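Predicted, not measured: the structure shown is a model, and the values here were computed from it.
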Amino acid sequence: MNTQNSKRVDTTVKRIVIAGGGTAGWIAAAALSKKLGDLLQITLVESDAIGTVGVGEATIPPLRTFHHLLGIDEQEFLRATGATAKLGIAFENWGREGERYIHSFGKTGTSAWMCDFHHFWLRGREMGFGSDIGEFCLEHQAAEAGRFATSANSNINFAYHLDATRYAAFLRDISEAHGVMRIEGLIRDVRQDSASGDVEALILDDGREIAGDLFIDCSGFRSLLAGETLGSEFEDWSHWLPCDRAVPLQTAATEPAMPYTRSIAETAGWRWRIPLQTRVGNGLVYCSSYLSDADAAGLLLNRVDGEALTEPRVIRFTTGRRKQTWKNNCIALGLASGFIEPLESTSIHLIVTGVVRLMQLFPFDGVEPSLRDEYNKQTQRELEDIRDFIVLHYHVNQRHGDPFWDHCRQMAIPDSLAQRIALFTERAHAYQNNDELFRVDSWVQVMLGQGLTPQRYHPVTRMMTEQQMQQLQTGLRNQVARAVQALPPHHEFIQQYCAEDAAMEA
């Protein structure tokens with residue numbers, strides 16, 4: 001009996017060890033130290049000798065909520081990371097060659113309790129109104145016009161383009177100010193408890209042992225703790241998301257930054273363009289079965305504007321997830337937990353939700369199976385919902401004649417996505433699950449933008465006369481236009497509000 005009581009006391013979680021830095025490691029360190037720092041001893045182990053992937057330079061709006069949780073001053077953050085505003089993503093050539101649409105972060109029109117605005121828009125189009133659905137969304141129209149502003153009272157929904165390396169450094173300053181201990185060193189080995197298999201300590205290349213009660217694996221694609229040590233299986237999604245390479249490249253800015261990311265479809269993948277204050281993040285995501293690494297680098301160099309500031313380098317990846325993100329006493333974050341791909345800029349968001357979920361389920365009195373199971377269940381549901389949204393972009397393309405895109409259009413898709421597509425094409429229904437990231441507006445913008453035309457719409461819209469419909473749509477459209485016109489040009493706002501420090505830039 002005494003032995004059991006003693007063992008239970010020993011399970012108390014006090015010492016947190018984060019294996020790896022980068023964006024994932026320092027997000028975890030900043031959040032845990034700021035919100036739970038008085039209860040924990042937090043150590044982060046990283047080595048300057050190991051580079052980071054460093055291509056996660058576009059984000060989505062929930063990051064602003066996370067920053068508010070941590071008490072981060074937005075202007076200070078924007079200056080420190082050379083950030084600009086992001087109102088959405090412009091998708092070019094994803095439907096047919098030469099076509100373009102924007103997936104914006106705003107709300108479109110106004111909805112009735114029985115159906116969303118796009119049903120009214122479809123009815124108006126049938127009546128002969130030729131408006132684009134984006135004309136009813138402030139963020140969409142502001143992005144098109146290159147205008148942006150924010151303030152404490154602003155209701156505009158936006159995210160950031162940022163320098164990922166500088167973001168990690170910014171979070172490191174916050175973490176260390178709240179007691180996080182950083183240890184420089186290469187991890188040579190991992191010591192486990194012989195009975196439970198739990199991780200007991202990280203063994204560094206100089207022999208030092210970093211012991212802990214709970215470990216967070218931020219070791220990147222290697223997944224040193226969750227994958228290599230604890231054997232969490234990897235569920236491969238490459239049959240749905242076949243791209244397996246990325247080539248990032250930074251260039252000097254040649255024009256004022258627009259407040260949106262560009263995603264341009266290419267013959268075997270897609271190219272990104274992310275405008276920061278003084279440079280541009282570029283890259284190519286592609287499938288190596290249809291494009292060689294050498295040809296990919298050449299294609300990217302031929303497409304970019306401005307002087308290249310870095311050399312193109314190939315990053316290999318496999319899309320999918322660890323089946324157990326939390327296994328034993330280890331939680332995998334970021335690339336260590338899996339990778340969907342950067343198309344909708346969800347990588348940093350998934351790190352944040354992983355940390356927030358850990359804080360909500362934190363095992364102060366010991367790691368219990370129920371906590372692990374709930375964490376893993378929530379993580380799986382979140383990843384599968386995002387996966388389906390990404391697969392949608394590839395599957396509903398209209399690029400006939402390109403072998404890669406023909407394959408994506410003809411491939412089998414998850415049943416959950418097939419159901420969504422059927423609901424939309426047959427009845428124009430779109431939905432958002434309770435905990436789902438992407439809203440109804442997001443699904444509608446992508447499906448309409450890439451050529452899915454619903455066969456029907458909600459019959460409640462027929463209760464409006466043609467005059468009432470015209471008044472509704474004209475009023476909403478004019479309201480958005482006036483709001484956009486009141487905004488300054490994006491680059492002027494950034495210059496006045498949060499221009500990066502010249503010394504920091506250097």
Side-chain angles (χ1 to χ4, degrees), residues 16-33 42-47 50-60 62-63 66-67 70 81 160 162-172 174-175 180 182 187 199 202 214-230 232 234-235 237 241 246 248 283 285 315-327 330-359 375-376 378-380 382-383 386-387 390 437:
I16 309 301
V17 178
I18 302 172
T23 307
W26 288 113
I27 283 178
L32 290 169
S33 63
I42 304 169
T43 303
L44 185 146
V45 180
E46 69 174 344
S47 173
I50 298 178
T52 58
V53 174
V55 299
E57 298 189 322
T59 64
I60 53 179
L63 185 62
F66 178 67
H67 283 182
L70 298 191
T81 61
Y160 312 112
L162 55 82
D163 183 313
T165 301
R166 285 163 59 177
Y167 183 48
F170 178 79
L171 294 173
R172 174 180 170 179
I174 293 173
S175 303
V180 174
R182 177 190 182 273
I187 301 171
V199 176
L202 306 181
L214 190 72
F215 291 78
I216 301 177
D217 187 351
C218 300
S219 63
F221 286 127
R222 183 182 177 187
S223 193
L224 173 62
L225 302 184
E228 289 188 13
T229 302
L230 295 174
S232 178
F234 188 82
E235 184 177 292
W237 288 346
L241 293 167
V285 175
I315 299 170
R316 301 185 177 197
F317 62 84
T318 302
T319 52
R321 69 175 187 93
R322 296 282 165 196
K323 291 185 178 180
Q324 292 174 286
T325 311
W326 183 344
K327 186 168 185 181
C330 173
I331 294 95
L333 283 182
L335 301 177
S337 68
F339 188 61
I340 296 178
E341 75 148 78
L343 183 61
E344 283 282 354
S345 310
T346 55
S347 294
I348 290 177
H349 172 78
L350 288 169
I351 297 167
V352 168
T353 57
V355 174
V356 171
R357 188 175 294 122
L358 172 60
M359 292 192 293
Y375 186 98
N376 288 330
Q378 291 183 21
T379 302
Q380 178 180 351
E382 176 183 47
L383 288 170
I386 293 174
R387 175 204 66 197
I390 304 302
L437 172 62

Step-by-step side chain to side chain contact (heavy atoms under 4.5 Å, CB included) determination, Arg166 to Leu162: CA-CA 8 Å; Arg166 285 163 59 177; Leu162 55 82; over 6 Å; no
Intermediate values then yes/no, side chain to side chain contact (heavy atoms under 4.5 Å, CB included), Trp237 and Leu383: CA-CA 11 Å; Trp237 288 346; Leu383 288 170; 4.0 Å; yes
Evaluation steps, side chain to side chain contact (heavy atoms under 4.5 Å, CB included), between Leu358 and Ile216: CA-CA 10 Å; Leu358 172 60; Ile216 301 177; 3.9 Å; yes
Side chain to side chain contact (heavy atoms under 4.5 Å, CB included) evaluation trace for Trp26 with Val180: CA-CA 10 Å; Trp26 288 113; Val180 174; 4.2 Å; yes
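Under the side chain to side chain donor-acceptor pair (under 3.5 Å) criterion, Gln324 pairs with no residue, sequence neighbours left out. When the side chain to side chain donor-acceptor pair (under 3.5 Å) test is applied to Thr229, no partner is found at least two apart in sequence or on another chain. Trp326 pairs by the ring pair (Phe, Tyr, Trp, His ring centres under 6.0 Å) definition with Tyr375, not counting sequence neighbours.
Using a 4.5 Å heavy-atom threshold, the side chains of Cys218 and Ile351 count as separate.
Between the OG atom of Ser33 and the CD1 atom of Ile18 there is a distance of 8.0 Å, given to the nearest 0.5 Å. Within the model, atoms CZ of Arg321 and CD of Glu382 stand 11.5 Å from one another, a figure rounded to the nearest 0.5 Å. For the atom pair NE2 (His349) and CD1 (Ile60), the distance works out to 4.5 Å, reported to the nearest 0.5 Å. The CG atom of Asn376 sits 12.5 Å away from the NZ atom of Lys323 when rounded to the nearest 0.5 Å. Taken from CD1 in Ile390 to CD1 in Ile340, the straight-line distance is 6.5 Å, to the nearest 0.5 Å. The CZ atom of Arg222 lies 14.5 Å from the CG atom of Leu335; values are rounded to the nearest 0.5 Å.
The two residues Phe317 and Thr319 have their closest heavy-atom pair at CE1-CG2, 3.9 Å. Scanning all heavy atoms of the two residues, the minimum distance from Arg387 to Leu241 falls at CG-CD1, 4.3 Å.
Judged purely by atom type and a 3.5 angstrom limit, Thr59 uses its side chain to pair as donor or acceptor with the backbone of Tyr160. Asp217 places a side-chain N or O within 3.5 Å of a backbone atom of Leu225 that can act as its donor or acceptor partner. Listed for the Ser219 side chain is a donor-acceptor partner under 3.5 Å among the backbone atoms of Leu224. At distances below 3.5 Å, not a single donor-acceptor pair connects side-chain atoms of Asp163 with backbone N or O atoms of Thr81. Side-chain atoms of Ser232 never come within 3.5 Å of backbone atoms of Arg322 as a donor-acceptor pair (strictly under, hydrogens ignored).
Between Phe339 and Phe221, the ring planes lie perpendicular to each other; the angle is over 60°, past the 30° to 60° tilted range.
In summary, of the residues considered (Val17, Val45, Ile16), a side-chain contact (heavy atoms from CB on, under 4.5 Å) with Phe215 occurs for Val17 alone. Just one of Ile331, Leu350, Ile27 meets the side-chain contact (heavy atoms from CB on, under 4.5 Å) condition when paired with Val355; it is Ile27.
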